[in-house]
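Here, residue 1 is the first one in the sequence, and each next residue gets the next number. Since we're looking at a predicted model, the values are computed, not measured.
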Amino acid sequence: MKKPQSGTPSTNSPSSSASDAVDTQLDALINRIQSLSGDSNPRANAGGTTESGQSGNSANAGSVSPPPAGRSPQGGARPTSQNSPTNHQPQNRAPAQAPIPQPTSAQRRPATGAARPAAASPGGFQPSRDEAWRPAEPTDLRTNRISETLLEAIMFRFILNAGEAEGRRIAEQVQLPFRMIEPILERFKKDQLVAYKSSTATNDYVYVLTEAGRAIARNHLNDSTYYGSCPVRLTEYIDSIKRQSIEGQFPKRKDLLKAFSDLLINPKMLERLGPAVASGRGMFLFGFPGNGKTSIAERVTGAFGKYIWIPRSVDIDGDILRVYDPMNHVADMPEASSGLLDAGGFDKRWVRIERPTIIAGGELTMEMLEVLNNPSSNISEAPLQMKSNCGTLVIDDFGRQKMSVDQLLNRWIIPLEKRYDFLNMASGKKIQVPFDQLVIFSTNLEPKDLVDDAFLRRIPYKIEVENPPESDFRKLFEIMCRVTKIPYNADAIDYLIKTHYLPVNRPFRNCQPRDLLLQVRNYCLYNDLEIELKNEYFDFACDNYFSVM
């Protein structure tokens, strides 16, 4: 279909909105293809240009080292990216054909009376409550302010550890596009720090270190053994936390109901819990053991957006601080689009994870709240509060930690109010990082018996998790019978309550239906009996369960 000319308004066309959307995708796709070639304009020469942006003209073959024996000239001719900080051009080369003029954006789409805003998100990504932000794929080292010195050290250490590696495998290791790594490898080759072992079918080489390269790699190993993903800058990490913060989301009742859909919770409790969660600040959950304080704390995060992006590691003036922790984070990377109009990807140095919920109980120590440095590898590990940013940090069994309550309170009394924390690196640097999480202190003790008024003031919500009423207690048996696959018997539940609870004024607890049903189930399995609820089975279970309670 013929497009209207640039001077012709298209606002009266019934399909102008659809055309604009298609044009936007086409523009993004063209820009994506051009960026993959390492230049803002596609190149053309007398020999033609391949799909990967590589010239078939032998006049350009002088831009890289000669290919190994048996390698075709076409396979070895790869022009160095002009965006690279170090671009080695030969002094004498044949004049290249002038670039073919490309139509501007205004020439490719009809005018609409106003300039169309540039896409702010990678690959057509649209921010949502479940994923508020996505890191765009880097374009070049200078634009993205990536330390080339640090990147080279990581590459040297990786090749030394691997023995040999293809160029694209090295790019995959540092999680950067191959077009950004290739000029560095070519410079290594020119400086005789690496050598070609062989070529590959994908127009690439297998690289090995020379003796001079191995010496440099060993020197880098003395500084650190890290050879993982290229770190992001600290300022980028801080900016990402601001974009994905739980503050300002203000989850509503429907969000809380969805988060607690698999948990029986009293409506009165939900009314008190809702504003505390929406504040995104902090709370005390206190009450008798077994009433579900930990279960409530674990589900609070579900009331906020589902995903956040965190860096694999952070560069702090040459120091490496690992943030992504598979033990505490659940990775959930987006699926790659296979569509023709997929205009771009995301920064592979970042990981999309489920919004974190980190629980620390009696094992919590003061060292876990500070940067942990391994002196042999010189790699630092982020503390728990940094790993829980944009999520929930649960201090379970508060008051029973190895460190004293006063130590923990003194460590966090300022971050809880100011919403930022100071960390000391092993090199002596002190950095400021966000303290952006919902901190939940879960305890069986009265908060006023644990902390003073100054600390209680910084935890605005104190919520008691009370014992369930009899109606909820009976409902819990119905739910847990379905979970344990035991046929529900209302008469047996009546017998249990009237015999083992009411006469002795025994309080109901949320954990007891599950615990008693498991005892009945195990008793039946052991005695090769049909699994069912009977009065005598409950008698046996209660004698065991309440013998010292």
*Give a yes/no verdict on a cation-pi contact between K189 and Y196, requiring under 6.0 Å between NZ or CZ and the six-membered ring centre and an angle within 45° of the axis.*
yes

*Does NZ or CZ of R419 fall inside the cone over F435's six-membered ring, less than 6.0 Å from its centre and within 45° of the axis?*
no

*Taking only Lys NZ, Arg NE, NH1 and NH2, and the carboxylate oxygens of Asp or Glu, determine whether E236 and R145 approach each other closer than 4.0 Å.*
no

*Taking 4.0 angstrom as the limit, do R312 and D325 come out as a salt bridge?*
no

*Take atom CZ of F250 as the centre, draw a 6.0 Å sphere, and report whether it contains more than 12 heavy atoms from other residues, nucleotides or ligands.*
no

*Please walk me through it: do L176 and R349 pass side-chain contact (heavy atoms from CB on, under 4.5 Å)?*
CA-CA 7 Å; L176 288 174; R349 298 176 297 161; 3.8 Å; yes

_Atom of K387, atom of P356 and distance for their closest heavy-atom approach_ = O-CG, 3.8 Å

*Please find out if less than 6.0 Å separates the ring center of F441 from that of F455.*
yes

*Look at E164 together with R169 and state whether they make a salt bridge at an N to O cut-off of under 4.0 Å.*
no

_Check whether D191 reaches the backbone of L193 with its side chain - one donor and one acceptor, N or O, closer than 3.5 Å._
no

*Check step by step if side-chain hydrogen bond (donor to acceptor under 3.5 Å, both in side chains) holds for S128 and D130.*
CA-CA 5 Å; S128 65; D130 279 340; 5.6 Å; no

*In terms of side-chain geometry, is the basic nitrogen of K402 or E367 positioned less than 4.0 Å from the acidic oxygen of its partner?*
no

*asked:* For the CG atom of D315 and the CD1 atom of I146, what is their distance to the nearest 0.5 Å?
replied: 10.5 Å

*Grab the two heavy atoms, one from I241 and one from P434, that are nearest each other, plus how far apart they are.*
CG2-CB, 3.7 Å

*Answer yes or no: is there an ion pair linking E172 with K348, defined by an N-O contact shorter than 4.0 Å?*
no

*Begin with the C-alpha distance, continue with both residues' side-chain angles, and end with the deciding distance and a verdict on side-chain contact (heavy atoms from CB on, under 4.5 Å) for I440 and F284.*
CA-CA 6 Å; I440 301 178; F284 265 109; over 6 Å; no

*asked:* Tell me if a side-chain donor or acceptor on T301 pairs with a main-chain N or O of T357 at a distance below 3.5 Å.
replied: no

*asked:* Can you give me the closest heavy-atom contact between S388 and I358, atom names plus distance?
replied: N-CD1, 3.7 Å

*First locate atom CG of L285, then atom OG1 of T294, and finally report the distance between them rounded to the nearest 0.5 Å.*
9.0 Å

*Do side-chain atoms of Q249 reach the backbone of G305 as a donor and acceptor pair under 3.5 angstrom?*
yes

_Please check: side-chain N/O of S229 versus main-chain N/O of Q175, any donor-acceptor pairing under 3.5 Å?_
no

_Between F156 and Y227, ring centroids under 6.0 Å_ = no

*For I154 and H220, run side-chain contact (heavy atoms from CB on, under 4.5 Å): C-alpha distance rounded to whole Å, both residues' side-chain angles, the deciding distance at 0.1 Å, then the answer.*
CA-CA 8 Å; I154 294 173; H220 286 308; over 6 Å; no

_Can you tell whether the side chains of D332 and R352 come within less than 4.0 Å, N to carboxylate O?_
yes

_Heavy-atom closest pair, residues I413 and N410_ = CG2-O, 3.8 Å

*What is the distance from atom CZ of F304 to atom OG1 of T392, rounded to the nearest 0.5 Å?*
6.0 Å

_Salt bridge present between D319 and K429 (N-O < 4.0 angstrom)_ = yes

*Would you name the heavy atoms of R168 and N203 that are closest together and state the gap between them?*
NH1-O, 3.9 Å

*asked:* Could you report the tightest heavy-atom contact between R281 and L416, atom names first, then the distance?
replied: NH2-O, 3.6 Å

*Should the pair W133 and W350 be assigned to parallel (<30°), tilted (30 to 60°) or perpendicular (>60°) ring geometry?*
perpendicular

*Going by atom types alone, do D204 and T202 pair a side-chain donor with an acceptor below 3.5 Å?*
no

*With rounding to the nearest 0.5 Å, note down the distance linking CD1 in I316 to OG in S380.*
7.5 Å

_Inter-residue atom distance R187.CZ - I184.CD1, 0.5 Å rounding_ = 6.0 Å

*First locate atom CZ of R322, then atom CE of M386, and finally report the distance between them rounded to the nearest 0.5 Å.*
13.0 Å

*asked:* Test your reading of the model: is there a side-chain donor-acceptor pair from E148 to the backbone of L141, 3.5 Å cut-off?
replied: no

*Does the side chain of Y237 come under 3.5 Å of the side chain of N389 through a donor N or O and an acceptor N or O?*
yes

*Between the side chains of D421 and Q432, is a donor N or O closer than 3.5 angstrom to an acceptor N or O?*
no

